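Structure, as structure tokens:
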Amino acid sequence: MAQIEFPELKNDLILKAAKGEPVERIPIWIMRQAGRYLPEFQEIRSKHDFFSVCQTPALASEVTLQPIKRFDLDASIIFSDILVIPQAMGLIVEMVPGTGPVLPQPIKDPSDLIRLIQPNVEKDLKYVGDAITLTRHKLEGKVPLIGFTGAAWTLMSYMIQGGGSSTMTKARQWLYKYPEESHKLLQMITDVIIDYLVMQVKAGAQLLQVFESHADFLNDELFDNYSFKYLKEISEKVRQRLKEENIPEVPMIAFPKGATMNSLEILAKSKTYEVLGLDWTVNPIEARKRFGSDIVLQGNLDPCTLYASEEEIINRSKNMVKMFGKTRYIANLGHGIQPDTPIASVTALIKGIHSV
Ligand code: 1CP
């Protein structure tokens, strides 16, 4: 397939950093940078429900561009949600204000697996591809566009748990009670994720992030068996498929939030992802020591740092860079930005990073 022509890229800092090349300035983007802390986002959300924004390329694109217009960020990330995959697989997902995503009819036991459909990603999630293509044009090459997905375990846990949870016990029980069926479900999800990421690259995504947001529920054995196995397959098969279709590879970021240091080390040293995203609990100096010299690290300022004074935010941002070092590094928060974060704090964070 011929690739779509897009405006020439003017800021490739994040792509260079992701490939381990030296950069003249440290790139920064912010997880959930298009979101509720922006009044212009709230304005759109007051008129449209969450999934309508995701499903309408003009709206998804507008929201994606909002933080780029306001801040000196070095990447954009397409506005969507990781739960569009469970939706495409036939489950109902509602976004309940103040609660987050709710799946009213979750997968309770293995007999429920027949309710899941293997979607035609190019058709059923075409709206995401269309939003990516439109956004690439509207960005006019200002910064690269990141595509993303949830990883298999994180999506499986929402599908079983039926929403967010501080323990994910229903989902974790499956891993012990129904190990074979857990693998069956993880494989079904993984197959969809692979098609989905390939489609995003064809549509114009220049970097991919895989969110394993629920790695914090897994010990080393469970991570290896139920998360790493599929993270590896996703990376390998996406690259293989792109190669087969003569489409240039894009760098890939894995963000296993809350994974143990051992699990992070195994993932980093496997070299399956160019970039490893770290949450704020990981010590950058220890990460550099343990994870080898090849891996690019991304992160990891505590999102709550953004409630400190602007001076404190700038100092802590500079200190973070000092700990990670200036090469093989992409600055970010250690998780998504909080909805009530002061806008001036975001400006201070970017100023701090760019001043180093
Ligand atoms: O009403 C609203 O506006 C809901 C708030 C919101 C937003 C702005 C949700 C609900 N999702 C999003 C967008 C979103 N979700 C993006 C947009 C791009 C950007 O970063 O700017 C991305 C990348 C996501 C990914 C996502 N959704 C993750 C992975 C990242 C993470 O936070 O770990 C997860 C776990 C979700 C599920 C989800 N969607 C929304 C909420 C509140 C949650 C978390 C619920 C929970 O488990 O507690």
Side-chain angles (χ1 to χ4, degrees), residues 28-55 59-71 73 75-87 91 93-103 106 128 131-132 135 143 145-168 170-171 193 196 200 205 207-217 253-259 277-280 298-300 303 332-341 346:
I28 175 167
W29 69 282
I30 296 170
M31 285 187 273
R32 297 267 177 99
Q33 64 190 27
R36 287 171 295 176
Y37 72 105
L38 290 176
E40 56 271 35
F41 175 81
Q42 299 273 25
E43 167 75 23
I44 298 233
R45 279 284 283 113
S46 69
K47 296 190 210 130
H48 307 274
D49 74 65
F50 181 81
F51 286 112
S52 301
V53 180
C54 298
Q55 288 159 8
L59 290 177
S61 177
E62 185 181 341
V63 169
T64 303
L65 290 171
Q66 285 174 345
I68 305 303
K69 287 179 184 153
R70 211 184 242 274
F71 307 112
L73 289 159
S76 55
I77 177 162
I78 193 64
F79 186 81
S80 186
D81 196 80
I82 59 167
L83 296 169
V84 299
I85 287 187
Q87 254 178 357
L91 296 181
V93 184
E94 290 159 0
M95 207 50 88
V96 180
T99 305
V102 172
L103 292 79
V128 178
I132 288 175
T135 306
V143 290
L145 179 60
I146 305 173
F148 73 91
T149 182
W153 155 248
T154 297
L155 295 180
M156 168 183 166
S157 60
Y158 276 114
M159 288 160 87
I160 293 171
Q161 198 73 33
S165 157
S166 59
T167 56
M168 286 286 163
K170 285 183 193 151
I193 291 172
Y196 185 47
Q200 291 188 42
L207 204 87
L208 296 171
Q209 174 150 319
V210 181
F211 287 92
E212 187 72 291
S213 303
H214 293 170
D216 51 351
F217 297 109
I253 308 166
F255 177 49
K257 185 185 168 282
L278 304 176
D279 67 63
W280 70 91
Q298 172 178 281
N300 75 345
N332 204 320
L333 298 178
H335 198 198
I337 187 166
Q338 291 292 319
D340 59 352
T341 302
V346 177

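Order of appearance sets the numbers: ligands from 1, and atoms from 1 within every ligand. Just so you know, these numbers come straight off a predicted model, no measurement behind them.
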Problem - Of the listed options Phe50, Phe148, Trp29, closest to atom 4 (C) of ligand 1 (non-hydrogen atoms) - result: Phe50
Exercise for the section: Heavy-atom distances under 4.0 Å are what count here, so tell me which part of Pro97 touches ligand 1: side chain, backbone, both or neither. Expected result: neither
Problem - Heavy atom of Gly163, distance to ligand 1 below 4.0 Å - result: no
Exercise for the section: From the options Asp81, Val84, Val102, Leu83, select the one residue that forms a side-chain contact (heavy atoms from CB on, under 4.5 Å) with Val93. Expected result: Leu83
Problem - Under 4.0 Å to a heavy atom of Ile78 - the qualifying atoms of ligand 1, by number - result: 18 (C)
Exercise for the section: Output yes when the distance from some N or O of ligand 1 to some N or O of Leu83 is under 3.5 Å, and no in every other case. Expected result: no
Exercise for the section: Name the option, out of Phe255, Tyr37, Phe211, Tyr158, that contains the heavy atom nearest to atom 47 (O) of ligand 1. Expected result: Tyr158
Exercise for the section: If you have a sec, work out which protein heavy atom is nearest atom 21 (O) of ligand 1 and how many Å separate them, to one decimal? Expected result: Ala34 N, 2.9 Å
Practice task
Run the ring-centre check on Phe50 versus Phe79 and record whether the distance is less than 6.0 Å.
Solution key: yes
Practice task
Report the distance from atom CG of Leu38 to atom CD1 of Ile337, rounding to the nearest 0.5 Å.
Solution key: 7.5 Å
Practice task
Grab the two heavy atoms, one from Ser80 and one from Val128, that are nearest each other, plus how far apart they are.
Solution key: OG-CG2, 4.2 Å
Problem - Closest to atom 1 (O) of ligand 1 among Arg45, Gln42, Met95 (heavy-atom distance) - result: Arg45
Exercise for the section: Examine ligand 1 and decide if any of its atoms is less than 4.0 Å from a heavy atom belonging to Lys257. Expected result: no
Handout entry: Pro101 heavy atom under 4.0 Å from ligand 1
Key = yes
Completion exercise
Rounding to 0.5 Å, atoms CD1 (Ile77) and CH2 (Trp29) come to a distance of 4.0 Å
Fill in the blank from the handout: One finds that the ligand 1 atoms under 4.0 Å from a non-hydrogen atom of His335 are 31 (C), 32 (O), 33 (O)
Exercise for the section: Provide, to 0.1 Å, the distance between atom 25 (C) of ligand 1 and the closest protein heavy atom, together with that atom's residue and name. Expected result: Ile82 CG2, 3.7 Å
Fill in the blank from the handout: re atom 17 (C) of ligand 1, the protein heavy-atom contact at minimum distance is Ser80 O, 3.7 Å
Fill in the blank from the handout: Near Phe41 (heavy-atom distance under 4.0 Å), the atoms of ligand 1 are 3 (O), 8 (C)
Practice task
Could you check atom 29 (C) of ligand 1 against the protein and tell me its nearest heavy-atom contact, residue, atom and distance included?
Solution key: Ser213 OG, 3.2 Å
Exercise for the section: To the nearest 0.5 angstrom, please state how far the CZ atom of Phe255 sits from the OG atom of Ser213. Expected result: 6.5 Å
Completion exercise
Ranked by distance from atom 5 (C) of ligand 1, the top protein heavy atom is Arg36 NE, 3.5 Å
Practice task
Only heavy atoms count here, so choose which of Ile44, Ile77, Asp81 is nearest to atom 39 (N) of ligand 1.
Solution key: Asp81
Handout entry: Inter-residue atom distance Phe217.CZ - Glu212.CD, 0.5 Å rounding
Key = 11.0 Å
Exercise for the section: Please check if any side-chain donor atom of Gln33 sits under 3.5 Å from a side-chain acceptor atom of Gln66, or the reverse. Expected result: no
Exercise for the section: Any chance you could measure Thr154, atom OG1, to Ile85, atom CD1, to the nearest 0.5 Å? Expected result: 11.0 Å
Practice task
Determine, stepwise, if the pair Glu40 / Arg70 fulfils salt bridge (charged side-chain N to carboxylate O under 4.0 Å, His left out).
Solution key: CA-CA 10 Å; Glu40 56 271 35; Arg70 211 184 242 274; 2.8 Å; yes
Problem - Polar side-chain atom of Ser157 near backbone of Trp153 as donor-acceptor pair, under 3.5 Å - result: yes
